[in-house]
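Worksheet: the structure to be examined is printed underneath.
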Amino acid sequence: MNHPDRHTRTDHPDVDHHDDAQVAPVHHTGHQDHGGQAGHQDHTAHGGHGGHGDHVGQFRRLFWIMLILAVPVIVFSPMFAMLLGYRLPDLAWIGWVSPVLGTVMYGWGGRPFLTGAVAEFRARQPGMMLLIGLAITVAFVASWGASLGVLHHELEFWWELALLIVIMLLGHWIEMRSLAQTTSALDSLAALLPDQAERVVGDDIEMVSPADLQLGDLVVVRPGGRVPADGRIQSGSASMDESMITGESKPVRRNEGDAVVAGTVATDSGVRVQITAVGEDTALAGIQRLVTEAQNSSSRAQRIADRAAAWLFWFALIAGIITAVVWTLLGLPDQAVIRTITVLVIACPHALGLAIPLVVAIATERAARGGVLVKDRLALESMRTVTSVLFDKTGTLTKGQPTVTALHAVGHDQDQLLALAASAEADSEHPLARAIVAAAEHQQLPLSRATDFTSSPAVGVSATVDGHQIQVGGPNLLQQHRVAELDVAEQWRADGAIILHVLIDGNVAGALKLADEVRSESRAAVRALHDRNIEVVMITGDAEAVAASVAAQLDIDRYFAGVRPEDKAAKVQQLQSEGRRVAMVGDGVNDAPALA
């Protein structure tokens, strides 16, 4: 492992991703060099996900401006003054305040609704926008007619126009803010790519954007750096952190000829990768497409709501026509105009336009206080019908990082053994090393200063601590010293754990079991679901042994192991095909398609 103050490397074994029963050597290195990982503002291939965020700001600003303009429009509206019983000052300019500012509100504040109404009219799909556009247009025309004395004074609706625009802007601002949260998964996916890639050109290396890479290009991925595009390792080997893509909690050893995926991290050493897929052909782009398609797809309930809005428009229009015909037949044409315009204006669902976004916002806010982020408003309504809950493992049921879960000492005190191992790993930044140090710190064990630190790839680390040579490593370290592993290792291996042996002066002094620790609250959650007769299912990219171990600890009903992210949505559909109502609980990018 590379340290800022020591140019050395720590190496550790890990459980091989492809063989549950075997322990394969995996060495890792420091993460201080992230090569351009500081920001992600310029991902050309993944742009365009900030639209909802822009709309939130636009509707927010427009709402506050229109609210300020609405005050004088309403206060100086003759009809509003008559309704509340107060008199307006007898000044010539007073009568023009509402018409002038009301016109500004109609043209500026009403523009989003008018453009939406035109789009719905052209598409011959009337909905809420056309209904709002009809109401504010009729109110605008009628109000000018009343202000100019062409129409009856009762048709002065400037105050109604102002209130309608302000209320609808508030509702749409709240709705846009809710919709903006749905892009977080796509933003997380785009953030997995580095800002720049190091492309090999002859004997030189040039910095380019991942979007500029071509098939066959050779790129350098340094320790701690992310792979910029899908490819195959041409030279070198590294332990790849693929958790954000596959859900596999442990680094996976990749050697020459092995495929690597865009967005994964080389944790221990640098490799050269030949690009085999770029842009929309990468696995990461495929996951993005799955998320986008799922988020853009309309549910049955959404289609029903759209049809209801269309029926409401036709109902308002027909009601206006009937009103005009009836009052005309009664011999009151003037009243026919007044009543018809009134019907068309009040038919716009003020309460509906504000109530639905408010209900969604309140419900999602209350859910967020409980640690639940809601992407789909319909999900809240559907939760009462759920019969199966599908949990992601890594980072959801478990902590998503290795933890020392057991320790076996031979001829030494367990605390002493852990302190010696942690002292040897104290300067390391690798997750396994941090887990050992964290375990010692949790028990408040004093650490000693390590000297003569050395490391050997795929073998382990060695350091002098308190006058003794301390070595921490895996099976290759044991083979090098011709010593056997402890009997407890076989039991730990069956649990899918990472096993590190500790040698003191060349003799086996103990072993450490590291695993992705189960969250304490997971047991309570599973128990609560069982109490409600809800089936609990687990899905993970981890190997069978790891999945079986976690499922047994939590008393989970069934599980799916070794599932890649693009297949998780299929597992949800499989459960649904069995007649189950499924809720998916996940925490990361690799769960995005299934969650969407």
Side-chain angles (χ1 to χ4, degrees), residues 1 8-29 236-239 250-256 267-269 402 404-428 430 432-433 435-437 439-440 448 450-515 543 545:
M1 179 170 293
T8 52
R9 185 175 64 201
T10 304
D11 304 279
H12 280 296
D14 200 335
V15 178
D16 187 84
H17 180 62
H18 304 291
D19 190 345
D20 301 340
Q22 298 296 322
V23 178
V26 172
H27 49 281
H28 56 264
T29 192
S237 63
S239 294
K250 297 186 293 295
V252 180
R253 193 67 187 172
R254 300 300 184 195
N255 302 303
E256 284 188 23
T267 63
D268 61 345
S269 55
V404 176
T405 58
L407 187 151
H408 184 81
V410 178
H412 292 80
D413 178 75
Q414 287 193 349
D415 288 348
Q416 180 188 16
L417 182 72
L418 180 58
L420 290 172
S423 297
E425 296 280 20
D427 293 331
S428 174
H430 189 276
L432 296 180
I436 296 172
V437 174
S448 303
T451 58
D452 302 326
F453 179 89
T454 60
S455 65
S456 177
V459 177
V461 302
S462 176
T464 300
V465 180
D466 294 339
H468 297 280
Q469 184 188 29
I470 307 300
Q471 294 173 287
V472 184
N476 288 343
L477 177 64
L478 300 180
Q479 292 175 10
Q480 190 178 82
H481 287 269
R482 292 187 173 84
V483 293
E485 67 178 14
L486 298 179
D487 294 338
V488 72
E490 190 65 32
Q491 176 186 342
W492 291 350
R493 188 176 295 111
D495 295 335
I498 303 170
I499 304 167
L500 301 179
H501 280 79
V502 181
L503 277 63
I504 300 179
D505 296 329
N507 299 313
V508 177
L512 302 172
K513 176 186 179 183
L514 294 95

Notebook entry, point to check: What are the two closest non-hydrogen atoms of Pro402 and Ala435, and how far apart are they?
Noted result: O-CB, 3.2 Å
Next item on the list: Assess whether atom CG of Asp487 is packed by more than 12 heavy atoms of other residues, nucleotides or ligands within 6.0 Å.
Entry: no
Note to self: Just verifying a value: how many Å separate His468 NE2 and Ser448 OG, rounded to the nearest 0.5 Å?
What the structure shows: 10.0 Å
Margin query: Can you tell me how far apart OG1 (Thr464) and CG (Asp452) are? Round to the nearest 0.5 Å.
Written below: 4.0 Å
Check: So, for Ala440 and Ala422, which heavy atoms are closest and what is the spacing to 0.1 Å?
Finding: CB-CB, 3.6 Å
Note to self: So, taking the atom named CD1 in Ile504 and the one named CG in Asp466, what distance separates them when rounded to the nearest 0.5 Å?
What the structure shows: 10.0 Å
Item checked: Least distance between heavy atoms, Leu512 atom then Trp492 atom -> C-CZ3, 3.6 Å
Next item on the list: Enter the distance from His481:NE2 to Asn507:CG here, rounded to the nearest 0.5 Å.
Entry: 9.5 Å
Check: Do Glu256 and Ser237 have side chains that get closer than 4.5 Å, going by heavy atoms?
Finding: no
Checklist line | Residue pair Ile436 / Leu514, side-chain heavy-atom distance below 4.5 Å | finding: yes
Notebook entry, point to check: Short question: side chain of His501, backbone of Leu486 - any donor-acceptor pair under 3.5 Å?
Noted result: yes
Check: Excluding sequence neighbours, so at least two apart, what forms side chain to side chain contact (heavy atoms under 4.5 Å, CB included) with Gln414?
Finding: Leu407, Ala409
Note to self: Donor-acceptor pair, distance only, cut-off 3.5 Å: does the side chain of Thr267 make one with the backbone of Ser239?
What the structure shows: yes
Note to self: To the nearest 0.5 Å, what is the distance between CG on Leu503 and CD1 on Ile470?
What the structure shows: 9.0 Å
Next item on the list: Give the minimum heavy-atom separation between Phe453 and Ala424, together with the two atoms involved.
Entry: CE1-O, 3.6 Å
Check: With sequence neighbours left out, what residues match Gln469 under side chain to side chain donor-acceptor pair (under 3.5 Å)?
Finding: Ser462
Notebook entry, point to check: Can you name the nearest heavy-atom pair linking Ala484 to Leu478, along with the distance?
Noted result: C-CD1, 4.4 Å
Note to self: Lys513 vs Ile499, test: side-chain contact (heavy atoms from CB on, under 4.5 Å). Steps then yes/no.
What the structure shows: CA-CA 5 Å; Lys513 176 186 179 183; Ile499 304 167; 5.8 Å; no
Next item on the list: Write down the atom of Ala494, the atom of Ala545, and the distance for their closest heavy-atom approach.
Entry: O-CB, 3.7 Å
Check: From Leu500 CG over to Gln471 CD, what is the distance, rounded to the nearest 0.5 angstrom?
Finding: 13.0 Å
